[in-house]
Amino acid sequence: MCKRYLSCFKCALFTVFFSTSTFGLDEERLWLPKSYETLYLELKASAEAALKLERCVKVLRGTIDRQQSTKDHPVFRIQCRQPNGRTYNELVDGLTKETLTTPVIIEVPPTEEELAAMRAEEERKKKEAADQREREFLQACKTQFDSKTRVFENIELLNPKPEPSSFSMEAAAFMFDFDTRDINGTPLKYRAYCSVALEEEARIKIRKRRD
């Protein structure tokens with residue numbers, strides 16, 4: 001008889017421990033005035049809703065909030081302990097069990113149209129960045145080209161804005177075709193090869209061209 005009593009007692013302790021420790025809700029901390037006792041299940045569900053929040057690690061007290069409630073729409077005030085040990089009151093809608101003090105953010109996956117728009121915007125930004133980098137590389141080459149061709153007279157630059165012969169976000173290469181004349185007035189044709197990289201000065205090589 002004694003062993004059976006102890007076994008039942010242990011079982012009861014296990015049930016209480018499981019219900020309070022595992023789920024974090026001690027129903028003895030829930031209280032309602034007599035005129036609201038029919039709302040107990042709603043109060044319990046509201047306390048459990050508060051416990052699902054990351055900031056509510058333990059329910060210290062739960063009751064009805066008479067100021068926020070109406071006859072047909074109860075609002076419960078759940079006192080919670082936060083992870084830092086501080087307490088706060090979480091208001092919970094008794095009908096929807098929605099936490100009102102700390103709204104739950106529901107992430108809705110984007111639609112196919114939204115994903116397509118996001119990809120298009122990403123591509124637009126990439127192209128914009130690439131175009132800007134290309135302009136910066138070209139300007140660096142143009143500056144170096146002007147410096148290297150000062151010795152020439154009557155230069156006619158045939159392609160002021162050449163397309164890059166190679167390009168990445170780290171480096172690029174351009175070719176400038178230009179005509180000039182020697183001291184005797186003989187036409188001369190040249191091509192300037194420019195290579196440029198991030199945080200490096202553009203380099204120019206000038207060769208005669210045939211076309």
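Only this structure's heavy atoms are used, side chains among them; waters, hydrogens and symmetry mates stay out.
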Which donor-acceptor pairs under 3.5 Å do the side chains of residues 31-51 make with protein atoms, sequence neighbours left out?
unit_1	atom_1	unit_2	atom_2	d
Tyr40	OH	Glu27	OE1	2.7
Lys44	NZ	Glu27	OE2	3.0
Ser46	OG	Glu42	O	2.8

Below 3.5 Å, can you tabulate the donor-acceptor pairs from side chains in residues 152-161 to any protein atom, sequence neighbours excluded?
unit_1	atom_1	unit_2	atom_2	d
Asn159	OD1	Asp177	N	2.9
Asn159	ND2	Met175	O	2.9

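Under the 3.5 Å distance criterion, with hydrogens and angles disregarded, a donor-acceptor pair is assigned to the side chains of Glu136 and Gln132.
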Trace of the side-chain contact (heavy atoms from CB on, under 4.5 Å) decision for Leu53 with Gln82: CA-CA 10 Å; Leu53 299 171; Gln82 301 181 83; over 6 Å; no

Evaluation steps, side-chain contact (heavy atoms from CB on, under 4.5 Å), between Phe145 and Phe174: CA-CA 11 Å; Phe145 172 82; Phe174 298 88; over 6 Å; no

side-chain contact (heavy atoms from CB on, under 4.5 Å) between Arg133 and Leu198, intermediate numbers included: CA-CA 10 Å; Arg133 184 62 54 82; Leu198 282 178; 3.6 Å; yes

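Applying the side-chain hydrogen bond (donor to acceptor under 3.5 Å, both in side chains) criterion to Glu134, with sequence neighbours excluded, gives no partner residue. For Lys142, the side-chain hydrogen bond (donor to acceptor under 3.5 Å, both in side chains) partners two or more places apart in sequence, or in a different chain, are Asp146. The salt bridge (charged side-chain N to carboxylate O under 4.0 Å, His left out) test applied to Glu107 returns no partner, not counting sequence neighbours. By the salt bridge (charged side-chain N to carboxylate O under 4.0 Å, His left out) test, Glu200 is found to be paired with Arg203, residues two or more places apart in sequence or in another chain being considered. Partners of Asn89 by side-chain hydrogen bond (donor to acceptor under 3.5 Å, both in side chains), not counting sequence neighbours: none found. Every residue two or more places apart in sequence or in another chain was checked for a side-chain hydrogen bond (donor to acceptor under 3.5 Å, both in side chains) with Tyr190, and none qualifies.
Here the CG-CZ distance, from Asp26 to Arg61, works out to 13.5 Å after rounding to the nearest 0.5 Å. To the nearest 0.5 Å, the span separating CG on Asp93 from CD on Glu98 amounts to 6.5 Å. One distance of note links NZ of Lys189 with CZ of Arg181; it measures 11.0 Å at 0.5 Å rounding. Note: Phe178 CZ to Arg191 CZ = 11.0 Å, rounded to the nearest 0.5 Å.
Heavy-atom contacts from other residues, nucleotides or ligands closer than 6.0 Å to NZ of Lys97 number more than 12.
For the pair Ala172 and Phe137, the tightest heavy-atom approach, listed with the atom from each and the gap, is CB-CD1, 3.5 Å. For Ala140 against Val196, the heavy-atom pair with the smallest separation is CB-CG2, 4.1 Å. Contact record, Thr102 with Arg55: OG1-NH1, 2.9 Å, taken as the closest heavy-atom pair. Glu90 and Thr99 get closest at one heavy-atom pair: OE2-CB, 3.4 Å.
With hydrogens and angles ignored, the 3.5 Å screen pairs a side-chain donor or acceptor of Asn84 with a backbone N or O of Arg86.
Within the 4.5 Å cutoff, no side-chain heavy atoms of Lys126 are placed close to those of Met169. Put simply, the side chain of Phe76 does not reach to within 4.5 Å of the side chain of Leu30, judged on heavy atoms. With contacts defined as side-chain heavy-atom distances shorter than 4.5 Å, the pair Thr63/Gln79 does not qualify. Counting only heavy atoms from C-beta outward, the side chains of Leu95 and His73 approach each other to under 4.5 Å.
Between Arg124 and Glu121, at least one side-chain nitrogen of the basic residue sits less than 4.0 Å from a carboxylate oxygen of the acidic one, meeting the salt-bridge criterion.
Note on residues 54-89: pairs passing disulfide (SG to SG under 2.5 Å), not counting sequence neighbours, are Cys56-Cys80. Sorted by first then second residue, the disulfide (SG to SG under 2.5 Å) pairs that include residues 110-176, not counting sequence neighbours, are Cys141-Cys194.
Apart from Leu60 itself, the hydrophobic cluster it occupies contains nothing, where clustering links Ile, Leu, Val, Met, Phe, Trp and Tyr at side-chain heavy-atom distances under 4.5 Å. Annotation for Leu100: hydrophobic cluster partners, listed by chain and number, are Val75, Leu91 (ILVMFWY side-chain heavy atoms under 4.5 Å, direct or chained).
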